[in-house]
Amino acid sequence: MPLFHYKAKDASGDLSEGTVAAGNKFELARNLKAEGKEVLFAEETQASGKNFSDAVAAFLTRIKMEDLIMFSKNLSAMINAGLALSRALSVLERQTPNQKFKGVLHELGEDISKGTSLSDAMGKHSAVFSTLFVSMVRAGEESGNLAQSLEVIGSQLEKSYVLRKKIKGAMMYPAVVITAMIIIATLMFIYVVPSLLETFKSMNVELPTSTKVIIFISDSLQNYGLWVFLGAVVLAIGVVMGLRTSRGKRAFEWVVLHLPVISGIAKESNSAMTSRTLSSLLSSGVDIIEALHITRDVVQNSYYKDVIDAAIKNIEKGSALSVAFVEAEKIYPILVGEMIEVGEETGKLSEMLLRVAVFYEAEVEAATKDMATIIEPILMLVIGGGVGFFAVSMITPLYSVMNNI
């Protein structure tokens, strides 16, 4: 816990000073006020031994999406209840178990006490608070609806978090099964095939091509296992580095948008993300051009960024927002452009975008469940095919011997 050097005066006007431990300056002021003293000056000096462990914990931890969701919703509720922003931040700082986030909230509280706006204070922590988060807070401050903006942010983050979690959950099962298949196959090639190979040599029979392939793989793993491993590592690093380049990333995104089943989920999830982000920003009072720029940063796929860039240019030229989305029906489903057009005509653009987001979030949820159901039999067929190929390759030479007897 930090140590603070302070100067204070009591009710009779007598001055006093000292050094005490406190969570922050607000806690120090409350403690001294309980003793009948008013703080005149307070400055953090040095940390006690306990603060070292807090620093280590803060270094090892990371601020998760769940932390930001709880923060935005709780801060909104406290402001609605009439708590001052500085006091609400102090309460949240004491409540959060995340040491790194605790430090961020402490700095936010200090900036607020110096007269800095919440959005500007958050802007100093760009690694924690996204451009979307800061922009919606700023819009809430300007409109006088900070609590409502924070509630919208919390809902936006929660929906995005749930959507990503469902997609990752659907991909977890096949990833685990494929990894287990690779490990088991490698062990069989190293330990099982060599013993069978000795048997085949003693039989002195002509081996089929499939058996030769398996023997070749087994010999490679046995005699050049280290090089095979290093080659796999280099290949993996090369793929990762390639995907980090603009061309590699765009090629991967193209593949994702054209894979069966996966492409539908990718289009629907990007449509939901675009619609919900735009809806949240517009409902908070953010200008349409700025809202599109922020949405462009939120969307990860470069093909969707291109569509949003086109929408920005169209609006700057005086065209409607819906034009770019209608023209990009291969990227965004037709419903997106049509609903945006209806929203522009009726003056309820934010509401229409929210409906689109809710619809496609439900579609993604259903699709991920269906994908998990479809993947299971496909994996069983792949596993069965691999096992069958191995079994036939190993049994065929034995049949050849039996026929020659």
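We use all heavy atoms of the structure for the numbers below, so side chains are in, but hydrogens, waters and symmetry mates are not.
In this structure, the side chains of L257 and N301 come closer than 4.5 Å at one or more pairs of heavy atoms. Between I178 and L379 there is a side-chain heavy-atom pair separated by less than 4.5 Å. Counting heavy atoms from C-beta on, the side chains of L321 and N314 never come closer than 4.5 Å. The side-chain heavy atoms of L292 and L281, taken from C-beta on, include no pair separated by under 4.5 Å. S275 places none of its side-chain heavy atoms less than 4.5 Å from the side chain of F359. Contact of the V336 side chain with the Y360 side chain is registered, since non-hydrogen atoms from C-beta on lie closer than 4.5 Å.
Rounding to the nearest 0.5 Å places OG of S280 at 11.0 Å from CD1 of I294. Rounded to the nearest 0.5 angstrom, R138 CZ and M122 CE are separated by 11.0 Å. Atom CG in L278 sits 9.0 Å away from atom OG in S350 (nearest 0.5 Å). In this structure, the separation between NZ on K64 and CZ on F101 is 13.5 Å, given to the nearest 0.5 Å. Atom CG of residue L89 and atom CG of residue L108 lie 6.0 Å apart, to the nearest 0.5 angstrom. Note that NE2 of H125 is 9.0 Å distant from CD1 of I63, once rounded to the nearest 0.5 Å.
Applying the side-chain contact (heavy atoms from CB on, under 4.5 Å) criterion to E351, with sequence neighbours excluded, gives K348, R355. Residues passing the side-chain hydrogen bond (donor to acceptor under 3.5 Å, both in side chains) test with T116: none are found, sequence neighbours excluded. Scanning for ring pair (Phe, Tyr, Trp, His ring centres under 6.0 Å) contacts around F133 gives F129, with sequence neighbours left out. The side-chain hydrogen bond (donor to acceptor under 3.5 Å, both in side chains) check on K37 picks up nothing, with sequence neighbours excluded. The side-chain contact (heavy atoms from CB on, under 4.5 Å) test applied to Q95 returns M78, V91, L92, not counting sequence neighbours. Every side-chain hydrogen bond (donor to acceptor under 3.5 Å, both in side chains) that T277 has, sequence neighbours left out, goes to Q156. Scanning for side-chain hydrogen bond (donor to acceptor under 3.5 Å, both in side chains) contacts around E365 gives K166, with sequence neighbours left out.
Side-chain contact check for N98 and D67: at least one donor-acceptor pair (N or O, by modelled atom type) lies under 3.5 Å.
Pairs engaging residues 70-85 under the salt bridge (Lys or Arg N to Asp or Glu O under 4.0 Å) rule: K73-E158 [sequence neighbours left out]. Listed by first and then second residue, the salt bridge (Lys or Arg N to Asp or Glu O under 4.0 Å) pairs that reach into residues 293-312 are R250-D306, R296-D309, sequence neighbours excluded. Sorted by first and then second residue, the ring-ring contact (aromatic ring centres under 6.0 Å, His included) pairs with a member in residues 308-346 read Y304-Y332, F325-Y332; sequence neighbours excluded. Pairs engaging residues 249-293 under the ring-ring contact (aromatic ring centres under 6.0 Å, His included) rule: W254-H258 [sequence neighbours left out].
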Would you give me the side-chain donor-acceptor pairs under 3.5 Å for residues 215-241, sequence neighbours excluded?
residue: S218; atom: OG; partner: F189; partner atom: O; Å: 2.5
residue: S220; atom: OG; partner: F216; partner atom: O; Å: 2.8
residue: N223; atom: ND2; partner: D219; partner atom: O; Å: 3.3

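The minimum heavy-atom distance linking I312 with I289 is given by the pair O-CD1, 4.2 Å. Across all non-hydrogen atoms, the minimal contact from A291 to V286 is N-CG1, 3.8 Å.
With L187 as reference, I183 is the one residue of I184, I190, I183 to meet the side-chain contact (heavy atoms from CB on, under 4.5 Å) rule.
Residue L381 places its CG atom among more than 12 non-hydrogen atoms of other residues, nucleotides or ligands, all under 6.0 Å distant.
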